[in-house]
Amino acid sequence: MDTKKKDIQKAKNGYIELCRFLFCVMIVIHHNAQDFETGTILPSGFVAVEFFFFISGAMAMRHIAREKREISGKMRYAVDYTLNKIKRIFPYAACGTLAAYIWRIISVRNFSADMVHELAILPFELFFLPMGGVIPVRLDLFMNAPLWYVSAMMFTLPLIVYLCLKAGDVFQCYIVWFVPVLIHGWMILHMGGSWPWGETTPVGYSALLVAFSNLTLGFGIYLASVRLSEKKFGMPVKILLTVAELAGIALCFVFAASEPNAYTFETVIAFLALSLTITLSGVSYTGKLHGRIFEWLGKLSLPIYCVHWWTGQIIQVYLYSFSYPARIVFILAACAAWSILMIFAFDGIRKLWSRKRAVS
C-alpha cells in the first residue's frame with residue numbers, strides 16, 4: 001500500500017497532462033481549420049500559448065524552490081536550466097523542421113534563386129533564433145513558424161530565472177505580480193492587444209514581451225499555489241474549487257471560438273492563471289487524476305506541436321477537396337502517428353547511448 005501511494009505521488013498530474021494535450025489540439029485546429037467561406041473555427045486559439053508559458057514558468061519556479069544547494073553562478077545556472085529544457089525540445093523540433101524543408105525542396109518543380117533565400121532561414125529555425133531580431137518575423141519565411149514560442153522562451157527564461165535567484169525578495173513580492181500587468185497594459189495601449197508575437201517594439205519583437213510577462217506570471221502562479229496548498233478545506237470548498245478550476249479551462253475554449261478582444265483576452269487569461277493556481281496547489285479533486293494514458297497524451301503534445309504546422313500544410317495541399325473538419329482529423333492523426341514514431345526512435349537512441357556510455 002505504501003509503495004502504491006509513493007508511485008501515485010511520483011506520477012505526473014494527469015489533469016495537467018490532459019490539459020497539455022487539449023491545448024495542443026486547440027493550436028493545431030487554430031492553425032489549420034481554415035475555410036475560405038467560414039474562416040477558422042478557433043480564431044482565438046492562440047490563447048493556448050499562454051497556457052504553455054504559464055506551465056513553463058511555474059515548473060521553473062518549482063525547480064528553483066526545490067534546489068537545496070547554494071547557487072553561486074546564478075546566470076550560468078539560469079542559462080543551463082534553459083538549455084536543458086531546450087535540449088528536450090530540440091530533437092522533435094529539428095526533425096519536424098528538417099522534414100518541412102525537405103518537403104519544400106521536393107515539392108518545388110523549378111528551383112530558383114528565391115529558394116536559396118528560403119533555405120538560408122533553415123539554420124535560424126533549427127537553433128530557435130527567429131525571435132533574436134536577426135531575421136524578419138514573417139510567417140511566409142518560416143517552415144515551422146509556431147516554434148517562435150520556443151525561441152522567445154529561450155531568450156527570456158534565463159533572465160527571469162536569474163532575477164528570481166539574484167533578487168528573490170523583489171522578484172517574488174513585486175515583479176511576478178506587477179510587471180506582467182504593466183507589460184500587458186503597454187501592449188494593449190500601443191498594439192491593440194497583448195497577444196501579437198511578430199510586432200516590432202522598442203525592446204525587440206513583441207513575442208519577447210509576451211514570453212517575459214507570461215513566463216513571469218507562471219512563476220507567480222506557482223508561488224500562489226504554494227500558499228493555497230497550505231490551506232485546509234472541507235469537501236464543499238474542494239468541490240467549488242474544482243468547478244472553478246475546470247471552468248477556467250472551459251472558458252479558454254469558449255474564448256478560442258470567439259473573435260479576439262483585448263480586455264476579454266486579459267480576463268480569460270486571469271481565469272486561466274487562477275485555474276492553474278488551484279491545479280498546482282493540489283487542493284482540488286483533479287489532483288487524483290493519474291494514469292499512463294494521461295502521461296502519454298501529455299508526452300505527445302510536444303512532438304505534435306513541433307510538426308503540426310508543416311504536416312497541416314502538406315495535408316491542406318493534397319487533401320484540399322475534403323471539408324476542413326475532415327482535414328483536421330487527418331492532420332491530427334498524421335501528427336500523432338509521426339509523433340509516436342519520433343518518441344520511440346529518440347527514446348531508443350537515448351537508451352542505446354546510455355548503454356554505450358555505461359560500457360565505456
Side-chain angles (χ1 to χ4, degrees), residues 10 12 16 49-50 52-94 123-135 147-183 201-227 229 276-277 280 302 306 346 349-350 353-354 356-358 360:
K10 290 180 180 179
K12 291 184 177 180
I16 291 180
V49 179
E50 317 307 320
F52 291 111
F53 275 133
F54 288 165
I55 286 293
S56 297
M59 294 302 102
M61 186 67 244
R62 185 178 72 170
H63 179 84
I64 294 170
R66 293 181 176 181
E67 188 66 75
K68 302 299 182 183
R69 64 186 176 89
E70 180 65 27
I71 300 171
S72 53
K74 293 178 175 56
M75 194 66 224
R76 169 58 69 87
Y77 181 92
V79 171
D80 286 346
Y81 173 79
T82 303
L83 291 179
N84 283 332
K85 288 184 72 70
I86 298 298
K87 188 166 63 175
R88 293 196 294 271
I89 301 170
F90 181 77
Y92 302 114
F124 296 94
E125 286 206 72
L126 274 180
F127 296 103
F128 308 117
L129 297 175
M131 291 301 107
V134 183
I135 53 177
L147 292 181
W148 73 266
Y149 157 76
V150 183
S151 178
M153 182 173 66
M154 185 177 73
F155 284 107
T156 55
L157 187 56
L159 176 59
I160 300 170
V161 173
Y162 174 77
L163 289 173
C164 180
L165 295 172
K166 185 68 176 179
D169 188 48
V170 175
F171 182 84
Q172 295 183 25
C173 295
Y174 180 81
I175 292 177
V176 295
W177 309 117
F178 294 105
V179 170
V181 175
L182 295 174
I183 292 175
T201 74
V203 294
Y205 293 128
S206 56
L208 299 178
L209 292 175
V210 172
F212 187 88
S213 64
N214 293 331
L215 284 169
T216 301
L217 189 52
F219 277 64
I221 288 171
Y222 178 78
L223 293 171
S225 72
V226 172
R227 291 287 186 89
S229 67
L276 288 177
T277 299
L280 295 173
L302 173 58
C306 291
F346 293 135
I349 292 171
R350 278 191 286 265
W353 179 251
S354 298
K356 185 177 180 180
R357 290 184 64 183
S360 61

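Although no hydrogens or angles enter the test, the distance criterion places no donor-acceptor pair under 3.5 Å between the side chain of Ser151 and the main chain of Trp148. Without hydrogens or angle criteria, Trp177 side chain to Leu217 main chain gives no donor-acceptor distance under 3.5 Å. Proximity of a side-chain donor or acceptor of Tyr81 to a complementary backbone N or O of His63 within less than 3.5 Å is not detected.
Distance check: Met59 CE to Ile64 CD1 gives 12.0 Å after rounding to the nearest 0.5 Å. Rounding to the nearest 0.5 Å places NZ of Lys166 at 13.5 Å from CG of Leu159. Remark: Leu209 CG to Asn214 CG distance equals 10.5 Å, nearest 0.5 Å. With rounding to the nearest 0.5 Å, the separation of CZ in Arg69 from CD1 in Ile71 is 5.5 Å. Rounding to the nearest 0.5 angstrom, the gap separating the CD1 atom in Ile183 from the OG atom in Ser206 is 11.5 Å. In this structure, CZ in Phe124 is found 15.5 Å from CG in Leu147, a value given to the nearest 0.5 Å.
Here the side chains of Thr82 and Met153 are not in contact, with every heavy-atom distance at 4.5 Å or above. Between Phe155 and Phe128 there is no side-chain heavy-atom pair separated by less than 4.5 Å. Taking 4.5 Å as the limit, some side-chain heavy atom of Phe212 sits within range of a side-chain heavy atom of Thr216. At least one side-chain heavy atom of Ile89 sits under 4.5 Å from a side-chain heavy atom of Cys306.
A 6.0 Å sphere centred on CZ of Arg76 holds no more than 12 heavy atoms belonging to other residues, nucleotides or ligands. The number of heavy atoms from other shown groups lying within 6.0 Å of OH (Tyr162) does not exceed 12.
When each of Trp353, Tyr92, Phe90 is tested with Phe346 by the rule ring pair (Phe, Tyr, Trp, His ring centres under 6.0 Å), just one qualifies, namely Tyr92.
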Working note: Leu276 + Ile16, criterion side chain to side chain contact (heavy atoms under 4.5 Å, CB included); need CA distance, chi angles, decisive distance, verdict.
CA-CA 9 Å; Leu276 288 177; Ile16 291 180; 5.6 Å; no
Assess the residue pair Met131 and Met154 against the criterion (side chain to side chain contact (heavy atoms under 4.5 Å, CB included)); give the C-alpha distance rounded to whole Å, side-chain angles, the decisive distance to 0.1 Å, and a yes or no.
CA-CA 9 Å; Met131 291 301 107; Met154 185 177 73; over 6 Å; no
Would Phe219 and Val161 count as a side chain to side chain contact (heavy atoms under 4.5 Å, CB included) here? Give the steps.
CA-CA 9 Å; Phe219 277 64; Val161 173; 4.1 Å; yes
Determine whether Met61 and Ile160 satisfy the following criterion, side chain to side chain contact (heavy atoms under 4.5 Å, CB included), listing intermediate values before the conclusion.
CA-CA 10 Å; Met61 186 67 244; Ile160 300 170; over 6 Å; no
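Between Glu50 and Val210 the shortest heavy-atom distance is OE1-CG1, 4.2 Å. Across Leu208 and Thr156, no two heavy atoms sit closer than the pair O-CG2, 3.6 Å. Ala207 approaches Ala152 most closely through the heavy-atom pair O-CB, 3.8 Å.
Tyr149 and Ser56 share a donor-acceptor pair across their side chains, judged by distance under 3.5 Å alone.
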